[in-house]
Every structure is written in structure tokens, then in C-alpha cells.
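Remarks on the structure that follows.
Counting convention: from 1, in listed order, for ligands and their atoms alike.
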Amino acid sequence: MTPLGRRIAALIGAQGPISIAQFMALALHDPLNGYYATRDPLGAEGDFITAPEISQMFGELIGLWLAQTWHDQGKPARPRLVELGPGRGTLLRDALRAMTLMPEFRDQLEVVLVEMSPALRRVQETVLKDCGVPLRWVESFGSLAADRPLYLVANEFFDALPIRQYVRAERGWCERMVTADADGTLGFALSPVAATGIPADRDGAPMGGVYEASTAGAALAETIAHVIAARGGAALIVDYGYEAAGFGETLQAVASHNFAGVLDRPGESDLSAHVDFSLLADAAARGGANAWGAVEQGDFLRELGIEQRALRLAHGDDGMRAVLNAQVERLTYADQGRMGALFKALAIVPRGAPTPPGF
Ligand code: SAH
């Protein structure tokens, strides 16, 4: 068991079983031993690799997407660019570089990075130190005032937000809790009392079916939509996930590019769950804005011109062309575990705003 696992077991010993959401929050963000708090998990040497780390084209196209939506909305004054969970700062670096093509947007930006991890914040500070625009950091989106048009991007952020799990049992929907036995081994158990407030569309679940409640993600999407409805702007949420929830569970642990048991190494493996995009779209509508998509990442990037961008970057060099083509395939193809269809993009814009590029 990891040091954090032992502390979680002690906590459960003292106060009783905890929810999966509480377990996720501790495992990912405990200031002393949490997964994100203590390390940079990204890249070939890390635990997983993300689209901006695969290709500079990803951040460049998203930078131009943000600038284009701003332009199409009549160039509202004093735009704020926000990235949720910027990782190594790679997407932002590439986006800001591409935005030099639209200086009118770039020159008046205030850029805010929403990052809870001190370790990753240090990486971001280094990577972005010469980017030429004012940057500031906050720990949560909720601490930002709703006082400017908001241009927001979140790649592989919503999948890290805590979820709760409910399991269909004879006595109704019961919450799956994390328990600890006498020697501190963590396990799962169902709450003795059935839960209320499970959505009616889950009624058809078979025994043992799972409902994952992403209340944190839905609440955040609603808040973002609220700001966009009031001030203008656009949000682009890219993640792996689905449009219609099934009855299976998607919570997973990953360490060194391999799946691991969710409870096996708290603080030392990444925990994430597939994103429920229809839930986010509903939340955006409740917040008073319009949601577009989700569309598949492959279609989205092709629509934004990733193939043409690869050709231009290659400058006629065959070796370079092969490298860039491999990146395009990894980001846009759907077979062999590639990202094109599993990953999806959802946009949030004000009601009545033009259709955002790629949707
Ligand atoms: N967007 C980056 C990194 C994805 S990893 C990329 O695509 O490469 C998830 C990122 O979100 C990390 O930077 C992590 O520290 C941050 N993060 C996760 N949960 C968070 C939370 N609740 N609040 C703020 N940041 C969070």
C-alpha cells in the first residue's frame, strides 16, 4: 500500500466508508501525496500522453479556433483566455504562437491558467516564460470574476473531476463506497441504504448496472455557460467520453501507460472517468448558453485543416512529412486505439452566436 493509501485507510477507520468522489479527490489532489500534486505525469516517460504532447498542430488549431470564434462574435473587447488543467503548458504555448496570426486578439488577452498542482504549475511557468502575454494562475475556475468575455479550453480536464458511482441492487440504487479492512486493505462496498434522485432514464438498468454521476463536471459546465451567456465568449471541451451513458463503469486507473486497479496505488496512479458529453450539453443549456457537438476529435481536427497544416509544416521534406502524417493519424484515426473517435469536442457559445468552426 502507498503512504496515501495508508492515510486513506486510517481516515476510513476513523469516520467510516468514503465515496468514490472523495477517494478520487484525495488520490489526485492530496497536497502531500496526491497524484497531480507531486508529479508531472505527462509524456513518454510519464503515465499517459495527451494530444498537445503528441503534436504541436493540436494547440495551434485550438488557438486559431479561439481567435476565430472571437472574430466571428464581433471581437468583444478585453477577452480573457482561460485554460483548465494546462498540464505542461504545451497547448497554450502552441496556441499563443499560432495566435500571432491574429494580433488583434492576442494583444488584448489576459491569460489565466487554472491549475491545482504546484508541480505542474512550475512546469507551466518555465514553458511559458517567453510567451509575451500576461499570465496568471488560479486554483479553481470559481475564483475568477465573471467580468470579461471568456475564451476557454479544457483538454483532458473533465475526465479528472471526481464522480460518484451507484450500482443497481435488489434494494434499489446503492452508492459504491470505499472501505478498509482491519489490516488497511481498501475495498468496495455498497451503501446499506438506497440512494434517491437517480435520473429516471437510468430506470432500465440491469442488476449490477452502474450509474456514474459527474456532478462536479456538470456544475462546472453550467458555471462556464453562465459566464459565456452573460459576457460572451466560447468554451472548447475536448476529452474522451460518450454521448449516451450506458450501464457500465468507466472509472479507471493508469500508471506507466498501463491500466491498474482503481484502489491499488492511491496517489501513484492516475484516476479518470469517461466524460458524459450529453450531461455537459444539458448543463450548458441550463447555464443559458448553446452547446454544439459533441463531434469526434478526428472530424473536428480535419474540419479545422489539420491535414493542410501538416503539409505546410513539412516544407516538402519527406522525413518531416512522415512524422507529421503519423501525428495526424494518431489524433484523427479511430482504429487501433487511436484518438479520432473516442475523443470528442464540445463547444459552448452564447445563444444566437454563429456556429463555431468545426461543428
Ligand atoms: N490539458 C493538459 C493536461 C491534462 S492532465 C494536456 O492535455 O496535456 C489534467 C490537468 O488538470 C493537470 O494539469 C492537472 O493538474 C489538472 N487538474 C486536474 N484536476 C484539477 C482540478 N480539480 N482543478 C484544477 N486543476 C486540475
Side-chain angles (χ1 to χ4, degrees), residues 21-31 33-63 66 81-96 111-128 135-144 152-163 214-221 223-224 235-241 251-255 257 267 269-275 297 301 327 330-331 339 342-345:
Q22 209 182 338
F23 175 78
M24 279 182 86
L26 287 167
L28 294 179
H29 302 300
D30 177 79
N33 303 111
Y35 179 75
Y36 281 117
T38 54
R39 74 193 67 216
D40 168 8
L42 291 149
E45 258 105 79
D47 289 328
F48 57 95
I49 188 159
T50 56
E53 302 298 332
I54 290 170
S55 174
Q56 68 178 77
M57 294 182 282
F58 189 78
E60 290 170 347
L61 292 170
I62 287 179
L66 292 160
L81 175 62
V82 174
E83 182 172 5
L84 305 181
R88 284 187 175 165
T90 310
L91 187 156
L92 204 51
R93 185 196 63 199
D94 296 336
L96 289 169
V111 178
V112 182
L113 296 89
V114 179
E115 179 57 73
M116 239 161 80
S117 158
L120 285 171
R121 176 177 167 162
R122 281 193 292 277
V123 179
Q124 293 154 17
E125 282 167 349
T126 308
V127 168
L128 294 164
L135 306 174
R136 71 187 168 98
W137 277 261
V138 296
E139 285 192 8
S140 79
F141 180 78
S143 63
L144 279 177
L152 178 142
V153 58
N155 186 61
E156 291 215 42
F157 175 83
F158 278 78
D159 64 77
L161 296 180
I163 57 153
S214 331
T215 35
L220 178 57
T223 309
I224 291 168
L236 183 68
I237 297 171
V238 184
D239 225 309
Y240 57 95
L251 179 63
Q252 64 185 34
V254 170
H257 299 271
S269 59
D270 181 43
L271 296 179
S272 64
H274 286 215
V275 170
Q297 173 172 298
L301 293 176
Q327 294 174 1
R330 187 144 175 214
L331 294 177
M339 301 170 80
L342 174 60
F343 280 74
K344 298 181 178 66

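- At the shortest separation from atom 4 (C) of ligand 1 among protein heavy atoms lies Glu156 O, 3.4 Å.
- Remark: minimum distance from atom 7 (O) of ligand 1 to any protein heavy atom is reached at Asn155 ND2, 2.8 Å.
- The closest approach between Leu120 and ligand 1 falls below 4.0 Å for a heavy atom of the residue.
- With Gly85, Ala51, Gly87 as candidates, the residue nearest to atom 1 (N) of ligand 1 on a non-hydrogen basis is Gly85.
- The side-chain hydrogen bond (donor to acceptor under 3.5 Å, both in side chains) test applied to Gln252 returns no partner, not counting sequence neighbours.
- When each atom of ligand 1 is checked for a heavy atom of Ser117 under 4.0 Å away, the hits are 15 (O).
- Under 4.0 angstrom from ligand 1, the non-hydrogen atoms of His29 all belong to its side chain.
- A salt bridge between Arg88 and Asp40 is present, with a side-chain N of the basic residue lying under 4.0 Å from a carboxylate O of the acidic one.
- For ligand 1 and Thr50, the ligand atoms under 4.0 Å from any heavy atom of the residue are 6 (C), 7 (O), 8 (O).
- Of all atoms in ligand 1, numbered sequentially from 1 with element shown, those under 4.0 Å from a heavy atom of Tyr36 are 5 (S), 9 (C), 12 (C), 14 (C), 15 (O).
- For ligand 1, the atoms closer than 4.0 angstrom to any heavy atom of Pro52 are 6 (C), 7 (O), 8 (O).
- Ring orientation note: the planes of Tyr36 and His29 are close to parallel, at an angle under 30° on the 30°/60° scale.
- Checked by atom type and distance alone, the side chain of Lys344 pairs as donor or acceptor with a backbone atom of Gly241 at under 3.5 Å.
- Annotation: the span from Leu301 atom CG to Phe58 atom CZ amounts to 6.0 Å, rounded to 0.5 Å.
- In this structure, a donor-acceptor pair under 3.5 Å is absent between the side chains of Asp30 and Tyr35.
- In the model, Thr90 has a side-chain atom that pairs as donor or acceptor with a side-chain atom of Glu53 under 3.5 Å.
- With atom 15 (O) of ligand 1 as the reference point, the heavy atom nearest to it among Glu115, Glu139, Met116 is part of Glu115.
- Annotation: atom 17 (N) of ligand 1 to nearest protein heavy atom, Phe157 CE1, 3.8 Å.
- Proximity of a side-chain donor or acceptor of Asp239 to a complementary backbone N or O of Asp159 within less than 3.5 Å is detected.
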